[in-house]
Amino acid sequence: MAADLMPKPRSLGELISRTKIPANTVGLFWPGGSSLVFKSVRQRVYLLDPVAANWAGGSRSGAIDIRPDLVFCSVGPGEQLDLSALSHLAAAFPDARFVGSGNARDAMIGRHADDEWADMPIEPGRVHALEQEPRLDVRQVGVSDSLRIRILSDADGSDEPPWNLLLSFSGLQLCLIQRLNTEEDVVTVCE
């Protein structure tokens, strides 16, 4: 079917699903707020910090309909970790895997439930905690791809959430710096 005759996607999730990522590239999508979506050459979808409040004051991002292979939470509980969205994604997409800090994992599986927790926690076998080892090869959590994620310490040597990340997709590297104050800090982390 010719491209101009194909129906237009109705949602970001549908657009991501239809987009084919060519060799030596990575797809980057912004659903809103502080969320990001990466799609690899192997057509795997990685959702970073889904459905946090956006900068305009509390409306949700569009990450809820994205079919992720892996949901990566770089923030901790109480830092825009949206447990309701994570629970929805877990229920809607049973093959999705989840990764976060030890405290984020505890919140995702219901160990730190509070009065606001109204959804079912995520089954513990689907949630991986990054604690002692600041690196993750996604194959460790059952995602068939070559993505490696490394937590970068900030300029003071801290690796507390929100994490600065280095994502390596088959030779391509993306650096996501979320927690630095000065230009000198950026240079220090990049070195």
Side-chain angles (χ1 to χ4, degrees), residues 7-21 26-40 42-131 136 138-145 147 149 151 161-163 165 167 174 176 178:
K8 292 185 179 186
R10 291 176 275 196
S11 69
L12 180 60
E14 192 175 326
L15 173 69
I16 292 169
S17 177
R18 289 184 184 185
T19 301
K20 300 299 177 209
I21 305 302
V26 64
L28 176 62
F29 304 86
W30 181 54
S34 59
S35 300
L36 287 173
V37 178
F38 301 94
K39 189 169 183 182
S40 73
R42 295 197 60 175
Q43 311 310 314
R44 303 294 185 261
V45 176
Y46 302 95
L47 179 54
L48 176 68
D49 297 332
V51 195
N54 73 13
W55 311 118
S59 64
R60 300 290 180 186
S61 69
I64 204 81
D65 75 327
I66 296 167
R67 178 182 296 276
D69 291 287
L70 181 102
V71 178
F72 192 91
C73 298
S74 72
V75 297
E79 300 170 0
Q80 296 183 327
L81 185 66
D82 190 334
L83 295 174
S84 177
L86 294 170
S87 178
H88 169 80
L89 289 165
F93 307 113
D95 292 334
R97 298 289 178 245
F98 298 80
V99 175
S101 68
N103 288 335
R105 181 186 188 278
D106 287 346
M108 285 187 252
I109 65 173
R111 282 196 191 146
H112 287 289
D114 58 21
D115 293 338
E116 296 180 27
W117 180 265
D119 297 308
M120 294 300 297
I122 301 168
E123 188 269 311
R126 296 173 61 191
V127 184
H128 181 80
L130 283 179
E131 293 187 89
L136 173 72
V138 297
R139 291 174 287 194
Q140 292 172 262
V141 294
V143 178
S144 176
D145 203 355
L147 172 63
I149 301 170
I151 298 169
W163 289 324
L165 303 171
L167 298 108
L174 297 170
L176 179 61
Q178 303 186 84

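The analysis underlying the following values was restricted to heavy atoms, covering all of them including side chains, and did not include hydrogens, waters or symmetry mates.
- Taking SG from C73 and CG from L86, the interatomic distance works out to 4.5 Å, rounded to the nearest 0.5 Å.
- The side-chain heavy atoms of K39 and I16, taken from C-beta on, include a pair separated by under 4.5 Å.
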Assess the residue pair L70 and V99 against the criterion (side-chain contact (heavy atoms from CB on, under 4.5 Å)); give the C-alpha distance rounded to whole Å, side-chain angles, the decisive distance to 0.1 Å, and a yes or no.
CA-CA 8 Å; L70 181 102; V99 175; 3.7 Å; yes
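- Scored by the side chain to side chain contact (heavy atoms under 4.5 Å, CB included) test, S17 finds no partners at all (sequence neighbours excluded).
- Residues E123 and P94 are not in side-chain contact: their nearest non-hydrogen atoms beyond the backbone lie 4.5 Å or more apart.
- Every residue meeting the side chain to side chain contact (heavy atoms under 4.5 Å, CB included) condition with A90, not counting sequence neighbours, appears here in chain and number order: F98, I122, R126.
- In this structure, the side chains of L48 and S74 come closer than 4.5 Å at one or more pairs of heavy atoms.
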Worked check of side-chain contact (heavy atoms from CB on, under 4.5 Å) between D145 and Y46
CA-CA 11 Å; D145 203 355; Y46 302 95; 2.6 Å; yes
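- Closest of all the heavy-atom pairs between A129 and G102 is CB-CA, 3.9 Å.
- Residues V37 and P31 meet the side-chain proximity criterion, which asks for heavy atoms closer than 4.5 Å.
- Looking at F38 and L174, their side chains come closer than 4.5 Å, going by heavy atoms from C-beta outward.
- Applying the side-chain contact (heavy atoms from CB on, under 4.5 Å) test between F72 and each of V141, D49, L47, L165 identifies L165 as the sole match.
- R97 and V143 get closest at one heavy-atom pair: CG-CG2, 4.4 Å.
- Partners of Q140 by side chain to side chain contact (heavy atoms under 4.5 Å, CB included), not counting sequence neighbours, listed by chain and number: L136, D137.
- When atom types are taken as modelled, the side chain of R44 and the backbone of S144 share a donor-acceptor pair closer than 3.5 angstrom.
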Stepwise side-chain contact (heavy atoms from CB on, under 4.5 Å) test for L130 and S101:
CA-CA 5 Å; L130 283 179; S101 68; over 6 Å; no
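- The salt bridge (Lys or Arg N to Asp or Glu O under 4.0 Å) check on R42 picks up nothing, with sequence neighbours excluded.
- Residues passing the side chain to side chain contact (heavy atoms under 4.5 Å, CB included) test with A92, sequence neighbours excluded: H88.
- Contact record, A85 with P50: CB-O, 4.5 Å, taken as the closest heavy-atom pair.
- Going from atom CD1 of I21 over to atom CD of Q43 covers 6.0 Å, rounded to the nearest 0.5 Å.
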When you look at W30 and L12, which way does the side-chain contact (heavy atoms from CB on, under 4.5 Å) test go after all the steps?
CA-CA 9 Å; W30 181 54; L12 180 60; over 6 Å; no
